[in-house]
Colleague: 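Following this message is one structure expressed as structure tokens.
Throughout, a chain's letter reflects where its sequence line sits, starting with A, and its residues are numbered from 1.
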Amino acid sequence: MRAEDVFRAGPFVSDASIAGKGALMASQPQSPVETIRHSAAHVMAEAVTRIWPGTKVAIGPAIDDGFYYDFQFASPIKDDDLPAIEKEMRRIIQGGAEFKRREVSKAEARTAFAAEPFKLELIEGLEDGSISLYEQDGFVDLCRGPHVANTREIRPDAFKLRSIAGAYWRGDEKRPMLTRIYAYCFSSKADLEAHLKLLEEAEKRDNRRLGKELDLFSTHEEAGPGLIYWHPKGGRFRVELEKWWREEHYANGYEILFTPHIGKSWLWETSGHLGFYKGNMYSPMKIDEDDYYAKPMNCPFHIMIYKSDTRSYRDLPLRWAELGTVYRYERSGVLHGLMRVRGFTQDDAHIICTPEQIEDEILEVLRFSLSMWKTLGFKDIKAYLATKPAESVGEPSRWDQALESLRKAIVKEGLPYEVDEGGGAFYGPKIDLKVKDAIGREWQMTTIQFDFNMSERFQMEYVDADGQHKRPYMVHRALLGSIERFFGVYIEHTGGAFPVWLMPEQAVIIPVASTFDDYAKKVVADLKRQGIRARADLSDARMNAKIRTAQGQKTPYMLVVGQKEQDEGTVAVRFRDGRDQSTMSLADFLARVLARIAEKSLDL
RNA sequence: GCCAUCUUAGCUCAGUCGGUAGAGCGCGUGACUUGUAAUCUCGAGGUCCCCGGUUCGAUUCCGGGAGAUGGCUCCA
């Protein structure tokens, strides 16, 4: 018996007439656009099964910007097949079929989907009495709904098939690989177009593209994929960033450590990395009969320093930071520009303190992090509080206290937050901060994690006022996350137009004619003497071309100099943001730029 | 790793229905000496990703491999 027949065998109603019921059935309420997306997914499944009869269907949910549906095709389909599917979908939509719902028993559902192995598996996981089918235009799908009333509610010009991708059934690598078709889908054409525009904007800002255009960094597959080469201009950015980072850390009561890149295997056996994390570690190298590993984390090294002396409660808290370069093996398919790499530098720190100190310490870390994001120009920040998972180490009382101190800190700072129930690591609860970039994308950057595991495994102790040896609290934190990934996010956030203090080249002097090269050189010398990164463009290109090049490089200040400026000791300042140019004395310009740099101003 | 797509000059990309290839930018050269987003000239630069097969002949067609890119959490 086919699904359609089962569907027709019983009473059905249109979704419109049971308003609310579908939503009631769904575990989560659906927004109108999600309903449209999910309905469009059904239409796509119908189109696909009409074009390729016998194709097995799996699942087709709404996602952030559209929907997808997973299929198992008898023979592979290609990108070129997408237009035909889209065309068929439009035909179905124009047909104006109604979405109808019917509730069936488990047995009926089994009969209906006898030929659909994935549906059968899903049915087995459902409760009898809570199973519903939806039908439109003769196509029946197992679905809890809700759906739009009529296919016409899906705008034919507000969706667009995107791509074909492989996806494992239920995300499990051991299960069959299905063919997933992704689509963008919105409730109006304008929304779709706005989204496509955003994607275009994102592509312009892509860190790989700008990394090349602005000569910031490169990767070399032949020398090892996922490893970053910082060019001189990327290097300037990084040196300035790290200089600031170090100053801020000292100012906030941290000490800075330097630890080795490799260490003997017992460190990683003790830390547990070789147990849980081996697949992400580089293979060992044999040195004098011992196995050494490149470090995937800095913690065991910091702990070695902690244990180099007997620590008193009087020594705590210890705030130890390191720009520690670590190596982690990532599968080749997941590498991505600066965002996902195999070697990177964490802006890591460990805070070791007594239970009494923990609340203040957490608040301090959070404050410190927020102040850094503010300086860098990120305003929209959200916290995610991850609580104890099913399997965990450490005493429950410690978990409770730790979680409470995290929550208090978030509330005290007035941050919006979500609780990720059971989302913590087995070794402790954590706060993650996500920052929103200039085009509205969220990036997870800061992480503040308790660790009840390491202190135990490495037997860390301090002597308390009562003479007892006690276990300190340990917190890992990374504010920027990794320098590489932060650089990538920052490139995309700013489009390469970094604030003046971080700009590899801060000013380019452009003489209107080579007659004024000497004055241009003098201006450069004056600027350089004050530590401003300046260069004169003395090439034989035309002035307009020089401006275009400097603008393309996002140079904050383009100083045009000619007869007038030479006579008066001034510079004609052109700003990269397109504001009106202004002529000022060299001294005034110097003062302005030095102030911007000193203040780490986001303005020019 | 798996699925799909891609790989041609330093970069971005054309192109060859099978006869070893082009543009723009960049680079070098010569001329021009310029007032706020591209001056003109000439030139150098390519194992058309790699290995096999078919063919008189393969960058192009077929097979295999490598790498890159988009995906592989969203639950019927």
Colleague: Taking the six-membered ring of A:Phe118, is NZ or CZ of A:Lys56 closer than 6.0 Å to its centre and within 45° of its axis?
Modeller: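 No, A:Lys56 and A:Phe118 do not form such a contact.
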Colleague: Rounded to the nearest angstrom, tell me the gap between atom CZ in A:Arg542 and atom C1' in B:U41.
Modeller: 13 Å
Colleague: Is it the case that the ring center of A:Trp52 lies less than 6.0 angstrom away from the ring center of A:Phe71?
Modeller: no
Colleague: Work out how far the C1' atom of B:G22 is from that of B:U8, and round it to whole angstrom.
Modeller: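 After rounding to an integer number of Å, I get 10 Å for this pair.
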Colleague: Please determine if a side-chain N or O atom of A:Lys546 lies less than 4.0 Å away from the OP1 or OP2 oxygen of B:U34.
Modeller: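 So the side chain of A:Lys546 is outside the cut-off, no N or O lying under 4.0 Å from OP1 or OP2 of B:U34.
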Colleague: Go through it in stages, so that I can follow the logic: the residues are A:Glu484 and A:Arg328, the test is salt bridge (charged side-chain N to carboxylate O under 4.0 Å, His left out), and I'd like the CA-CA distance, side-chain angles, deciding distance and then a yes or no.
Modeller: CA-CA 14 Å; A:Glu484 283 76 5; A:Arg328 298 178 182 177; over 6 Å; no
Colleague: Which of parallel (below 30°), tilted (30 to 60°) and perpendicular (above 60°) describes A:His38 and A:His147?
Modeller: parallel
Colleague: Pairs counted only when both distances fall under 3.5 Å, Watson-Crick or G-U: show me the 5' to 3' dot-bracket for RNA chain B, [ ] for pseudoknotted crossings and | for other-strand partners.
Modeller: (((((((..((((.....[..)))).((.((.......)).)).....(((((..]....))))))))))))....
Colleague: Write down the distance between CD (A:Glu213) and C1' (B:C13), rounded to a whole number of angstrom.
Modeller: 14 Å
Colleague: Given the P atoms of B:A14 and B:G1, what is the spacing between them in whole Å?
Modeller: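 My reading of the P atoms in B:A14 and B:G1 gives 27 Å.
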Colleague: Indicate the ring-plane relationship of A:Tyr277 and A:His273, choosing parallel, tilted or perpendicular according to the 30° and 60° boundaries.
Modeller: perpendicular
Colleague: Taking the P atom in each of B:C3 and B:U59, what is the distance between them to the nearest angstrom?
Modeller: 28 Å
Colleague: Can you check each nucleotide of nucleotides 64-73 of chain B against protein heavy atoms at under 4.0 Å and return B for base, S for sugar-phosphate only, - for none, in 5' to 3' order?
Modeller: ---SSSBBBS
Colleague: To the nearest Å, how far apart are A:Asp70 CG and B:A4 P?
Modeller: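 My rounded result for the distance is 14 Å.
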Colleague: Just wondering, are more than 12 heavy atoms of other shown residues or ligands nearer than 6.0 Å to CD in A:Glu203?
Modeller: no
Colleague: If you take any heavy atom closer than 4.0 Å to RNA chain B, which residues from residues 562-577 of chain A end up in contact?
Modeller: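 Correct list: A:Gly562, A:Gln563, A:Lys564, A:Glu565, A:Ala572, A:Arg574.
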Colleague: State whether the side chain of A:Arg533 and the backbone N or O of A:Gln506 hold a donor-acceptor pair below 3.5 Å, judged by distance alone.
Modeller: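 Checked: no pair found.
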Colleague: On a whole-Å scale, what distance lies between the P atoms belonging to B:G15 and B:U7?
Modeller: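 One P to the other, the span is 11 Å.
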Colleague: Choosing from B:G35, B:C74, B:U39, which nucleotide comes nearest the side chain of A:Ala545?
Modeller: B:U39
Colleague: For A:Ser514, report the nucleic acid contact type (base, sugar-phosphate, nothing); a contact means any heavy atom under 4.0 Å.
Modeller: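 Touches a base.
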Colleague: Determine the interatomic distance between C1' on B:G10 and the same-named atom on B:G26; round to the nearest Å.
Modeller: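 These two C1' atoms come out 7 Å apart once rounded.
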Colleague: Can you check the A:Gln553 CD to B:G26 P distance for me, whole Å?
Modeller: 12 Å
Colleague: Can you tell me if NZ on A:Lys106 sees more than 12 non-hydrogen neighbours from other groups inside 6.0 Å?
Modeller: yes
Colleague: With nearest nucleotide decided by heavy atoms, which residue, A:Tyr69 or A:Gln581, maps closer to the 5′ end of RNA chain B?
Modeller: A:Gln581
Colleague: Does A:Gln449 reach the main-chain N or O of A:Lys430 with its side chain, forming a donor-acceptor pair under 3.5 Å?
Modeller: no
Colleague: Is any side-chain nitrogen or oxygen of A:Asn544 closer than 4.0 Å to OP1 or OP2 of B:U36?
Modeller: no
Colleague: Name the nucleic acid region contacted by A:Glu173, choosing base, sugar-phosphate or nothing; use a 4.0 angstrom heavy-atom cut-off, strictly under.
Modeller: nothing
Colleague: If you measure from the C1' atom in B:U34 to the same atom in B:A38, how many Å do you get, rounded?
Modeller: 14 Å
Colleague: Name the closest nucleotide to the A:Val560 side chain, picking from B:C32, B:C75, B:U36.
Modeller: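 Closest of the options to the side chain of A:Val560: B:U36.
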Colleague: Test the A:Arg37-A:Phe186 pair against the cation-pi criterion, namely NZ or CZ under 6.0 angstrom from the six-membered ring centroid and within 45° of the ring axis.
Modeller: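 Judged by the rule, A:Arg37 and A:Phe186 form a cation-pi pair.
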Colleague: Just the rounded figure in Å: distance from P of B:A38 to CD1 of A:Ile510.
Modeller: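 About 12 Å, once rounded to whole Å.
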Colleague: Using a cut-off of 4.0 Å on non-hydrogen atoms, how would the nucleic acid contact of A:Asp64 be classed: base, sugar-phosphate, or nothing?
Modeller: nothing
Colleague: Rounded to whole angstrom units, what separation is found between the CD1 atom of A:Ile85 and the C1' atom of B:A4?
Modeller: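 Atom CD1 in A:Ile85 sits about 13 Å away from atom C1' in B:A4.
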Colleague: In whole Å, what separates the P atom of B:C27 from that of B:A68?
Modeller: 29 Å
Colleague: Determine the Euclidean distance between corresponding C1' atoms of B:C32 and B:U39; express it in Å to zero decimal places.
Modeller: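 Result for the C1' pair: 8 Å, nearest Å.
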Colleague: Is the backbone N or O of A:Ala97 less than 3.5 Å from a side-chain atom of A:Thr151, with the two atoms forming a donor-acceptor pair by type?
Modeller: yes
Colleague: Look only at the side chain of A:Thr555 and the backbone of A:Met558, and say whether a donor-acceptor pair between them is shorter than 3.5 Å.
Modeller: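 The answer is no, because no donor-acceptor pair under 3.5 Å joins these two groups.
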Colleague: Roughly, in whole Å, what's the span from CG in A:Asp540 to C1' in B:A38?
Modeller: 14 Å
Colleague: In whole angstrom, give the distance that lies between atom CE of A:Met558 and atom P of B:G35.
Modeller: 18 Å
Colleague: Are the side chain of A:Asp567 and the backbone N or O of A:Lys564 linked by a donor-acceptor pair below 3.5 Å?
Modeller: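 No: the side chain of A:Asp567 does not pair with the backbone of A:Lys564.
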